[in-house]
Amino acid sequence: MTGTDERTSAESPGPGGYAAARLRLLTEGARTGPPRRAALAELTDDWLAGLFTAGAGRPRGISGISLVAVGGYGRGELSPRSDLDLLLLHDGSDPTAVAALADRLWYPVWDLGLDLDHSVRTLAEARRTAGEDLKVQLGLLDARHLAGDLGLTAGLRTAVLADWRNQAPKRLPELKELCDERAERQGELRFLLEPDLKEARGGLRDATALRAVAASWLADAPREGLAEARRTLLDVRDALHLSTGRATDRLALQEQDQVAAELGLLDADVLLRQVYEAAGVISYAADVTWREVGRVLRSRAVRPRLRAMLGGGKQVAERSPLAEGVVEQDGEVVLARAARPERDPVLPLRAAAAAAQAGLPLSPYAVRRLAATARPLPTPWPAEAREELVTLLGSGRPTVEVWEALEAEGLISRLLPDWERVRCRPQRNAVHIWTVDRHLIETAVRAAALTRHVHRPDLLLVGALLHDIGKGWPGDHSVAGEIIAKDVATRIGFDAEDAAVLATLVRHHLLLIDTATRRDLDDPATVRSVADAVGTQGTLELLHALTEADALATGPAAWSSWRGSLVADLVRRVGALLAGDLPDEPAPTAPTAEQERLAIEAFRTGGPVLALRARSEPVPAEETHGAPEPLGVELLIAVPDQSAVLPAVAGVLAVHRLTVRTAELRTLRLPQDVHGDGSVLLLDWRVAAEYGSLPEAARLRADLVRALDGSLDIGGRLAERDAAYPRRRGLLAPPPRVTVAPAASHHATVIEVRAQDAPGLLHRIGMALEKAGVRVRSMHVSTLGANAVDAFYVTTGAGEPLPEQDAGSVARVLEETLRAP
């Protein structure tokens, strides 16, 4: 039968012609996807129009009554088992005739076993009901004329759209609340093994909500990929209806292989990945859209008051700097006007890290510009890029939203090509509640809370990101992941030793939990096997934290206090076995010629001497012999041995907005021919400007002289700056942790500090140690992402290690000082 014959058959008032034509359309398979949905809607339109004309007993030009499709049917999208949303609209002149016509329309639909959502209303009733029921109003936004009085239908559409736009400031928050409540009940479509394609977050309901927001003219969703994502979910729902023969939107496990076959896909995993990718696009579009709605509504609420205060002048949005090339504006992170992504390949990671640290979303326009213009990073990455990645991963919960923004524009797969294999990959394991990629990010989020428990938080965070990266390859994912992790670590700039540690973490990320729960811990061979696999105390410490983060990120069934105690017991036993290799304080290296020159000059002048060495051009690879370039610039300071040098230097750097990346302090004995008993404190630091250019060395020295003689009020200067530019509390960082390292040195007491990096942190530590009356013999400070990991070798005034009780007291006081606001 031709298309014309099919339509003619369907137009007959009886249900037989329509049912036969409908069956042929759904079973012949000549059309699928949008063409089939449109054809089914057209077929149904013709049949219902025929029923309407026959039931009305008057020609098609009938006045005062019309048949209107609403909701999904109004959009012309009919899945095989979709219900029909119909409104019989009338002018109220002949209610008896309207009721009789309704019976002639509804009963044939019911006779075919089709689900029907119907109503009979006048225009005034329709508008009133829409005003009372948001779901009714959403359905009417897609009203489409089927038969009868076209002018009546057009009046309805015009009135409903006008009402929607006029009431948008009130109705959109209600719609957002409905979406949030539904998401709470149904969960995230892109992470569910048996998702509801319509109701879950990121599903078809959310796509419809975005259409409603766009119709309000208040905001609009990002259009890139949105139509394709919606079409994918509709295609899957069509296949689900056909394979099950039911009007269902839940993609149950037992149906997935059949649905995949209906769509011509390889298997159920490929099906789920397509569904997850589509849901991710819709979820991201929803996040961006609702954020924009909130911004617009807040702006409308504030604008009248601002205009009154400013005399009607136009308010210019304030832009606050966050990092080089990155500013905050209107509650979002955007690029600075002077930013040049095409010249700054680190900018995407710097912007992402700044956004996550501030707890702010990345502007979608900024991300789109970065994706379109930013140059690729060189291999290996520069040190700054690696640091910004670590900062992003260590930002806790805000990392998730920022990471998803980068992923929505393809930046993650560009930065880490191996990510593509795990992106949206389902995990058919009841214990796991996330897809592989989301699980990796969740593990990093959990690991961020454990960074105070390890000496190398950067390795912990990157290990968390990569521990399941092998799940995109065949075979044992730990074995495959070890190779990938080593390659990724080298690409992003870790040296060979760190890359080997990361490879070990990935290879053995299940070792502790499997051994602790499945082996006899009293058997020496068990402990020895773990010690042989781990190798060092540092790796054991990292693996312990990664094990906990991984389990917590898996789901509630993967971790418990019992499992935690078993793992801790195993770690204690393995640590005891490895304890024989505890290092003592590193032996001091011989000073360079420049260090010795500065020390002699400082001793002879009686004041501080410094050298600030920076390069205006990147270091060529051949100069560094393939090693990652140093982060920031080198600052050498020599000061005659005296008290309060550490807080003075650290305070001056904080006042000048210089971030300390690494720092060492040690006492240097002068040559005999200079002075028989002279000593100078030598500070070798690596610093970087928060934003802008570095200060001149002469200014730094002048302020350092004033800080040492007490004429520069560092605390007051820092307090004034914080009051003028308060730091955003976007990130709830783990509390600082201060411990005494047992048996770490025979010559001094080692105080270890792990805390969130912040302006003035080192100054506060130095002041606290100074007040405690201890002498800093040497120190080793490093900033890894957003984490400061510092070790201070302190002694009594006589140069002896602190008594155990005093050491504990100093650590407690220092921790209390750092915890104080």
Side-chain angles (χ1 to χ4, degrees), residues 71-72 75 77 134-135 137-142 161 164-184 186-191 197-234 276-302 317 328-334 355 359-371 398 400-411:
R75 293 189 294 273
E77 297 171 342
L134 181 58
K135 293 180 180 178
Q137 190 165 38
L138 294 176
L140 289 176
L141 290 176
D142 291 309
L161 277 171
W164 177 245
R165 287 163 185 161
N166 291 333
Q167 299 167 9
K170 173 189 175 184
R171 311 291 333 237
L172 287 181
E174 294 178 19
L175 178 56
K176 172 69 162 57
E177 187 176 351
L178 277 179
C179 292
D180 290 343
E181 289 174 354
R182 179 165 36 78
E184 185 69 25
Q186 299 291 340
E188 288 262 3
L189 195 159
R190 56 186 168 151
F191 303 132
L197 301 171
K198 188 174 183 179
E199 301 292 337
R201 184 173 184 271
L204 293 169
R205 287 268 191 220
D206 278 339
T208 301
L210 293 179
R211 288 170 56 92
V213 175
S216 74
W217 291 352
L218 213 64
D220 198 4
R223 296 304 180 108
E224 188 69 28
L226 188 57
E228 293 80 358
R230 191 163 168 274
R231 184 175 65 241
T232 294
L233 295 186
L234 287 169
Y276 293 161
E277 287 174 345
V281 171
I282 295 173
S283 292
Y284 175 69
D287 288 340
V288 171
T289 302
W290 287 119
R291 194 163 68 236
E292 178 66 9
V293 168
R295 187 191 66 78
V296 171
L297 293 180
R298 287 193 301 272
S299 175
R300 287 189 172 191
V302 171
E328 172 194 349
Q329 179 178 323
D330 278 342
E332 289 185 328
V333 172
V334 302
L360 292 170
L362 263 176
S363 161
Y365 308 105
V367 182
R368 199 168 301 130
R369 182 183 171 196
L370 289 169
V400 177
E401 183 178 0
V402 174
W403 189 274
E404 289 176 350
L406 297 179
E407 196 160 27
E409 296 296 337
L411 279 166

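For the numbers below, each heavy atom of this structure counts, side chains included, while hydrogens, waters and symmetry mates do not.
- Considering only residues two or more places apart in sequence or on other chains, E332 meets the side-chain hydrogen bond (donor to acceptor under 3.5 Å, both in side chains) condition with R291.
- With sequence neighbours excluded, the residues satisfying side-chain contact (heavy atoms from CB on, under 4.5 Å) with R368 are P222, P364, Y365, E409.
- For Q167, the side-chain contact (heavy atoms from CB on, under 4.5 Å) criterion is met by Q137, D163, R171, not counting sequence neighbours.
- Distance check, rounded to the nearest 0.5 Å: NZ of K198 to CG of L234 gives 10.5 Å.
- Shown here for G331 and L360, the closest heavy-atom pair between the two residues is O-CD2, 3.5 Å.
- By the neighbour-count criterion of 12 heavy atoms within 6.0 Å, atom CD of E224 is sparsely surrounded, having that number or fewer from other residues, nucleotides or ligands.
- Every residue meeting the side-chain hydrogen bond (donor to acceptor under 3.5 Å, both in side chains) condition with R295, not counting sequence neighbours, appears here in chain and number order: E292.
- Among all heavy-atom pairs drawn from G202 and S283, the shortest one is CA-OG, 3.3 Å.
- For residues 202-216, the set of pairs meeting the side-chain hydrogen bond (donor to acceptor under 3.5 Å, both in side chains) definition, not counting sequence neighbours, comprises D142-R211, R182-D206, E199-R205.
- When all heavy atoms of C179 and A209 are compared, the pair lying nearest together is SG-CB, 3.9 Å.
- Residue V402 forms a side chain to side chain contact (heavy atoms under 4.5 Å, CB included) with just one option from V367, L362, V333, and that option is L362.
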Practice task
Dump the intermediate steps for side-chain contact (heavy atoms from CB on, under 4.5 Å) on L218 and L297, then the final yes or no.
Solution key: CA-CA 9 Å; L218 213 64; L297 293 180; 3.6 Å; yes

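- The shortest non-hydrogen separation linking L189 to G203 is CD1-CA, 3.6 Å.
- In this view, A212 and L138, L141, W164, L175 satisfy the side-chain contact (heavy atoms from CB on, under 4.5 Å) rule, not counting sequence neighbours.
- For the pair L411 and A371, the tightest heavy-atom approach, listed with the atom from each and the gap, is CD2-CA, 3.9 Å.
- Every salt bridge (charged side-chain N to carboxylate O under 4.0 Å, His left out) that E404 has, sequence neighbours left out, goes to R190.
- Note that CZ of R201 and CD1 of I282 are 11.0 Å apart. Values are rounded to the nearest 0.5 Å.
- For K176, the salt bridge (charged side-chain N to carboxylate O under 4.0 Å, His left out) criterion is met by D180, not counting sequence neighbours.
- Scanning for side-chain contact (heavy atoms from CB on, under 4.5 Å) contacts around E181 gives E177, L178, R185, with sequence neighbours left out.
- One distance of note links CG of L233 with CG of L204; it measures 5.0 Å at 0.5 Å rounding.
- T289 and A219 make their closest contact through O-CB, 4.4 Å (heavy atoms, listed as atom of the first residue, atom of the second, distance).
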